[in-house]
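This report refers to the structure that appears directly beneath it.
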Amino acid sequence: PIAKHHKWISGQLDATVTVATIAQRLRDDHGVDVSESSVRRYVTAHFADKINEKRATPPRPPVPAGEEAQVDYGKLGMWTNPETGKRVSVWAFAIILSCSRWLFVQPVLKMDQTSWCASHVDAFEFFGGVPERIVCDNLKTGVSKPDLYDPQINRAYAELASFYEVLIDPARAFTPKDKPRIERPMPYIRDSFFTGREFTSLPQMQQAALDWCLNVYGRHAHRGIDGVPPAELFAQIERDVLTPLPPRRFERVTYHVGKVAPDCHVKAGTALYSVPWRLIGSHVRVRTCGDMVQVFADDQVVATHVLHLSGRATNLEHY
């Protein structure tokens with residue numbers, strides 16, 4: 001049964017996926033009932049050149065404490081929400097400190113701009129501080145235009161980075177070796193934390209993930225750091241060198257782009273907001289933060305409103 005997936009295994013090895021992960025994905029994603037040892041024998045017999053090439057590649061040098069975190073989304077699986085009775089996909093927002101391997105996992109049902117930033121805030125509070133740099137995927141939630149030398153960061157994410165004084169350093173597209181620290185734990189997160197467990201609600205699932213980070217992943221002997229548990233190493237060398245949290249919490253920021261209607265209003269969320277009449281027919285950017293809504297045209301504020309959950313907010317001067 002392994003031979004049927006020969007080409008797929010070759011592609012996985014090219015992407016620097018480990019043999020253990022290949023075996024797990026064969027079982028979970030392709031329905032192949034096979035042991036890891038069998039996969040290792042097959043890979044050794046048919047892909048010796050690729051294994052030797054990977055072994056010749058020097059390991060990534062150690063990352064100084066407090067310097068870097070790597071972040072990613074990974075699919076955990078399907079879950080029946082007891083409140084709705086519907087089957088939904090559950091994703092893991094996961095961020096790891098590259099030095100100590102201290103890990104934060106938050107299950108989410110949406111991977112949008114708001115969820116992405118909110119999970120970062122919760123992660124920083126879990127760590128008790130902020131690293132100097134975050135290596136992320138070229139996700140639309142984080143990076144609006146993938147570019148190795150001049151990435152354009154999503155505006156809400158950029159505000160978060162400025163607030164916490166952290167550098168966003170996107171990985172190259174389709175290059176998992178740029179963030180191996182977070183790529184490798186993903187299968188373990190799914191198998192150890194999620195698979196085969198029952199959860200009564202999303203908040204309960206998120207709390208269970210925190211408990212798992214503290215009491216399971218944080219306490220296991222990690223091969224990448226000479227068998228030292230991440231929780232122990234974090235307390236010893238990394239906790240006190242992270243950038244301290246700001247005095248106040250980051251407020252949720254969202255951006256919408258909308259077209260101004262003939263009645264001088266633009267939609268943002270479930271409400272309508274007026275803008276000057278001269279902008280009819282043009283596209284504007286709407287920023288929502290706390291209870292305030294700002295409308296931008298060419299990066300200039302052209303209207304300010306109090307947040308409405310529905311209905312219309314109209315300034316007659318805009319007519």
Side-chain angles (χ1 to χ4, degrees), residues 63-74 91-108 110-171 178-179 181-182 185 206 209-210 213-214 218 230-231 233-256 285 287-294 296 299:
V63 178
E67 182 175 295
E68 180 189 276
Q70 297 179 6
V71 63
D72 202 2
Y73 275 128
W91 299 84
F93 170 92
I95 181 169
I96 194 169
L97 296 176
S98 298
C99 176
S100 65
R101 309 303 204 275
W102 192 226
L103 176 71
F104 172 83
V105 175
Q106 185 170 77
V108 296
K110 294 182 179 180
M111 296 187 295
D112 57 11
Q113 178 188 122
T114 300
S115 177
W116 174 253
C117 290
S119 292
H120 276 75
V121 173
D122 291 340
F124 296 155
E125 293 183 352
F126 175 80
F127 295 147
V130 185
E132 295 178 13
R133 180 176 76 252
I134 294 178
V135 180
C136 65
D137 248 340
N138 279 294
L139 300 170
K140 286 296 183 181
T141 45
V143 181
S144 58
K145 179 184 177 183
D147 187 294
L148 178 59
Y149 301 105
D150 186 24
Q152 296 179 14
I153 306 301
N154 172 295
R155 287 178 180 268
Y157 196 31
E159 285 198 35
L160 179 141
S162 176
F163 182 84
Y164 287 105
E165 298 182 348
V166 59
L167 172 69
I168 306 301
D169 186 15
D178 281 0
K179 48 182 181 61
R181 301 285 192 267
I182 196 61
Q206 292 175 339
L210 283 179
C213 290
L214 290 167
L233 190 60
F234 173 75
Q236 289 177 356
I237 67 172
E238 192 153 33
R239 179 175 58 196
D240 295 334
V241 299
L242 294 174
T243 302
L245 294 172
R248 62 183 178 85
R249 205 170 194 257
F250 179 73
E251 286 193 82
R252 187 180 71 178
V253 177
T254 59
Y255 280 88
H256 302 272
R285 182 176 290 109
R287 176 184 183 270
T288 302
C289 181
D291 60 356
M292 184 175 69
V293 175
Q294 293 174 303
F296 292 81
D299 291 327

Would you tabulate the side-chain donor-acceptor contacts of residues 117-125 under 3.5 Å, counting partners in other chains and residues two or more places apart, or write 'none'?
| residue | atom | partner | partner atom | Å |
| --- | --- | --- | --- | --- |
| Ser119 | OG | Gln106 | OE1 | 2.6 |
| Ser119 | OG | Ser115 | O | 3.1 |
| His120 | ND1 | Trp116 | O | 2.8 |
| His120 | NE2 | Tyr157 | OH | 2.8 |
| Asp122 | OD1 | Arg249 | NH2 | 2.7 |
| Asp122 | OD2 | Gln106 | NE2 | 2.9 |
| Glu125 | OE1 | Arg249 | NE | 3.3 |
| Glu125 | OE1 | Arg249 | NH2 | 3.4 |
| Glu125 | OE2 | Arg249 | NE | 2.6 |

Considering all heavy atoms of both residues, which atom of [X] and which atom of [Y] are nearest to each other, and what is their separation?
{"X": "Val166", "Y": "Pro131", "answer": "CG2-O, 3.3 Å"}
{"X": "Cys213", "Y": "Val105", "answer": "SG-N, 3.4 Å"}
{"X": "Ile96", "Y": "Pro185", "answer": "CD1-CG, 4.3 Å"}
{"X": "Cys136", "Y": "Ile168", "answer": "SG-CG2, 3.9 Å"}
{"X": "Glu238", "Y": "Gly66", "answer": "OE2-N, 2.7 Å"}

From [X] [atom1] over to [Y] [atom2], what is the distance, rounded to the nearest 0.5 angstrom?
{"X": "Gln294", "Y": "Arg285", "atom1": "CD", "atom2": "CZ", "answer": "12.5 Å"}
{"X": "Phe250", "Y": "Leu160", "atom1": "CZ", "atom2": "CG", "answer": "4.5 Å"}
{"X": "Asp169", "Y": "Gln70", "atom1": "CG", "atom2": "CD", "answer": "10.0 Å"}
{"X": "Met111", "Y": "Trp91", "atom1": "CE", "atom2": "CH2", "answer": "4.0 Å"}

Review point. Would a distance-only check, ignoring hydrogens and angles, find a side-chain to backbone donor-acceptor pair under 3.5 Å from Arg239 to Ile237?
Key: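 No, the answer is negative, given that no donor and acceptor are paired below the 3.5 Å cut-off.
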Review point. Where do Phe126 and Leu210 land on the side chain to side chain contact (heavy atoms under 4.5 Å, CB included) test, with the steps shown first?
Key: CA-CA 9 Å; Phe126 175 80; Leu210 283 179; 3.7 Å; yes
[Y] and [X], any side-chain heavy atoms less than 4.5 Å apart:
{"X": "Pro107", "Y": "Gln206", "answer": "yes"}
{"X": "Arg101", "Y": "Leu233", "answer": "no"}
{"X": "Glu67", "Y": "Val241", "answer": "no"}
{"X": "Glu132", "Y": "Leu167", "answer": "no"}

Practice item. Determine the sole option in Val130, Thr243, Ile134 for which the side chain to side chain contact (heavy atoms under 4.5 Å, CB included) test with Tyr164 is passed. Key: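 When side chain to side chain contact (heavy atoms under 4.5 Å, CB included) is applied between Tyr164 and each of Val130, Thr243, Ile134, only Val130 qualifies.
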Check your understanding: Should the ring pair Phe127 and Phe104 be called parallel, tilted or perpendicular, given that the plane angle runs from 0 to 90° and is split at 30 and 60?
Key ->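 It falls in the perpendicular class, over 60°.
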**Study point:** side chain to side chain donor-acceptor pair (under 3.5 Å) partners of Gln236, counting only residues at least two apart
**Key:**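 Per chain and number, Gln236 pairs via side chain to side chain donor-acceptor pair (under 3.5 Å) with Glu232.
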Review point. Excluding sequence neighbours, so at least two apart, what forms side chain to side chain contact (heavy atoms under 4.5 Å, CB included) with Thr114?
Key: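 Side chain to side chain contact (heavy atoms under 4.5 Å, CB included) check on Thr114 returns Asp112, Arg252, Thr254.
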Point to revise | Partner of Tyr255 under side chain to side chain donor-acceptor pair (under 3.5 Å), chosen from Arg155, Gln113, Glu159 | key: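 Output: one option passes, namely Glu159.
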